[in-house]
Peer 1: 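Next up is a structure, given as structure tokens.
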Amino acid sequence: MPFLSTPLTLSATGGILASAWISGSIGALSICAVPAILQSGTTAEGLLRGWHLQFTRGMYYIPTTGAFIALNYLYLASRHRAQGVEWRGYATGALSNLLLAPFTLVVIGNINNRMISALSEEGKPLSQGAARAMISRWGDLSAVRIAMPLAGAVLGLWNLLQ
């Protein structure tokens, strides 16, 4: 395990821990918050408001944190490559963290937009069954996102231990 320097080791450790943390945060939303919202027994509007509260919290920090982690990994990859040591784990870890945003926009974006629209005064309201189905689907698709930063943590750790 050829540690290049204390700052690089600390940077790698920070990236690994942050990747694992953001994966856990997404997991908490998908595995804990969504079932709690669905079991609340409230109206369609109540379900959507509960979902929107969790969605908004995640929206504020998950994309930004993922981007900062990716920048950290790219910095590590460039420093390691310049010194002639293994760097590809960090580069791939950066990519896995960056994939959070496009996956969310492309795969989950339509569901987000429909539920946000249903909460607005101009939007078409959803029935309770439709709201439950959409929140459940959102939770399932969001659970897929757990793997992206988790892969970044594993790749970062693998690269650190090389």
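The figures that follow rest on heavy atoms only: side chains count, while hydrogens, waters and symmetry mates do not. Note that the numbering runs from 1 along the sequence shown for the chain.
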Peer 1: Walk me through whether L100 and I22 qualify under side-chain contact (heavy atoms from CB on, under 4.5 Å).
Peer 2: CA-CA 10 Å; L100 285 169; I22 199 168; 4.3 Å; yes
Peer 1: Looking at G123 and S120, what are the two nearest heavy atoms and their distance?
Peer 2: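 So the minimum-distance heavy-atom pair works out to N-OG, 3.1 Å.
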Peer 1: Rounded to the nearest 0.5 Å, what separates atom OG1 in T65 from atom OH in Y60?
Peer 2: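 Here the rounded value is 14.0 Å.
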Peer 1: Is the side chain of S19 donor-acceptor paired with the backbone N or O of I16 at a distance under 3.5 Å, no angle test?
Peer 2: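 A pair under 3.5 Å: no.
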Peer 1: Report yes or no: does S96 contribute a side-chain atom to a donor-acceptor pair with the main-chain N or O of G93 at less than 3.5 Å?
Peer 2: yes
Peer 1: Just by distance, do the side chain of Q162 and the backbone of W158 share a donor-acceptor pair under 3.5 Å?
Peer 2: yes
Peer 1: Any side-chain donor paired with an acceptor under 3.5 Å for R145 and S142?
Peer 2: yes
Peer 1: Just by distance, do the side chain of S136 and the backbone of R132 share a donor-acceptor pair under 3.5 Å?
Peer 2: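 No; judged by distance alone, with no hydrogens or angles, the pair does not exist.
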Peer 1: Distance check, rounded to the nearest 0.5 Å: W87 atom CH2 versus T92 atom OG1?
Peer 2: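 One finds 7.5 Å between CH2 of W87 and OG1 of T92.
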Peer 1: What heavy-atom pair brings P35 and S30 nearest, and what distance separates the two atoms?
Peer 2: CD-O, 3.6 Å
Peer 1: Check whether any side-chain heavy atom of I26 lies under 4.5 Å from a side-chain heavy atom of P149, and answer yes or no.
Peer 2: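 Counting from C-beta outward, I26 and P149 do come under 4.5 Å.
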Peer 1: Nearest 0.5 Å please: distance from the CG atom of L126 over to the CZ atom of R114.
Peer 2: 6.5 Å
Peer 1: Between V107 and M148, is there a shared hydrophobic cluster once you connect ILVMFWY residues whose side-chain heavy atoms come closer than 4.5 Å?
Peer 2: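 Yes.
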Peer 1: What's the separation between atom CD1 in I116 and atom CD1 in I111, rounded to the nearest 0.5 Å?
Peer 2: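 The CD1 atom of I116 sits 11.5 Å away from the CD1 atom of I111.
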Peer 1: Going hydrophobic residue to hydrophobic residue with side-chain gaps under 4.5 angstrom, can you get from L71 over to L8?
Peer 2: no
Peer 1: Where the side chain of N159 meets the backbone of Y90, is there a donor-acceptor pair that is under 3.5 Å apart?
Peer 2: yes
Peer 1: Does F103 belong to the same Ile/Leu/Val/Met/Phe/Trp/Tyr cluster as L29, with side-chain heavy atoms less than 4.5 Å apart forming each link?
Peer 2: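 Yes; tracing contacts between hydrophobic side chains, which count when under 4.5 Å, links both residues.
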Peer 1: Would you say F68 has more than 12 foreign heavy atoms packed within less than 6.0 Å of its CZ?
Peer 2: no
Peer 1: Can you tell me how far the CG atom of L141 sits from the CD1 atom of I108, to the nearest 0.5 Å?
Peer 2: 5.0 Å
Peer 1: Please work out which of the three classes, parallel, tilted or perpendicular, describes the rings of F55 and H52, given edges at 30° and 60°.
Peer 2: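 Plane angle between 30° and 60°, so tilted.
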Peer 1: Given side chains that start at C-beta, do those of Y73 and L155 come closer than 4.5 Å, heavy atoms only?
Peer 2: no
Peer 1: Return the minimal non-hydrogen interatomic distance between P63 and G58, and the atom names on each side.
Peer 2: CD-O, 3.6 Å
Peer 1: With a 3.5 Å cut-off and no angle check, do the side chains of Y61 and R57 form a donor-acceptor pair?
Peer 2: no
Peer 1: Strictly by side-chain hydrogen bond (donor to acceptor under 3.5 Å, both in side chains), give each pair with a member in residues 37-46 just once, sequence neighbours left out.
Peer 2: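 side-chain hydrogen bond (donor to acceptor under 3.5 Å, both in side chains) check on residues 37-46 returns E45-R49.
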Peer 1: Linking I/L/V/M/F/W/Y whenever any side-chain heavy atoms sit under 4.5 Å apart, do L74 and V154 land together?
Peer 2: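 The answer is no; the residues belong to distinct hydrophobic clusters.
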Peer 1: Could you tell me whether the side chain of H80 and the main chain of L76 form a donor-acceptor pair under 3.5 Å?
Peer 2: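 At least one qualifying donor-acceptor pair exists.
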Peer 1: Under a single-linkage definition using a 4.5 Å side-chain heavy-atom cutoff for Ile, Leu, Val, Met, Phe, Trp and Tyr, are I62 and L150 assigned to the same hydrophobic cluster?
Peer 2: no
Peer 1: Which pair of heavy atoms, one from A67 and one from L98, lies closest together, and at what distance?
Peer 2: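 So the minimum-distance heavy-atom pair works out to CA-CD2, 4.3 Å.
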Peer 1: Please report the shortest heavy-atom distance between G66 and N97, naming the atom on each side.
Peer 2: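 Looking at all heavy atoms of both residues, the shortest contact is O-CB, 3.7 Å.
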Peer 1: Roughly how far apart are R137 CZ and M115 CE, rounded to 0.5 Å?
Peer 2: 11.5 Å
Peer 1: Closest heavy-atom contact between I69 and G15?
Peer 2: CG2-O, 4.0 Å
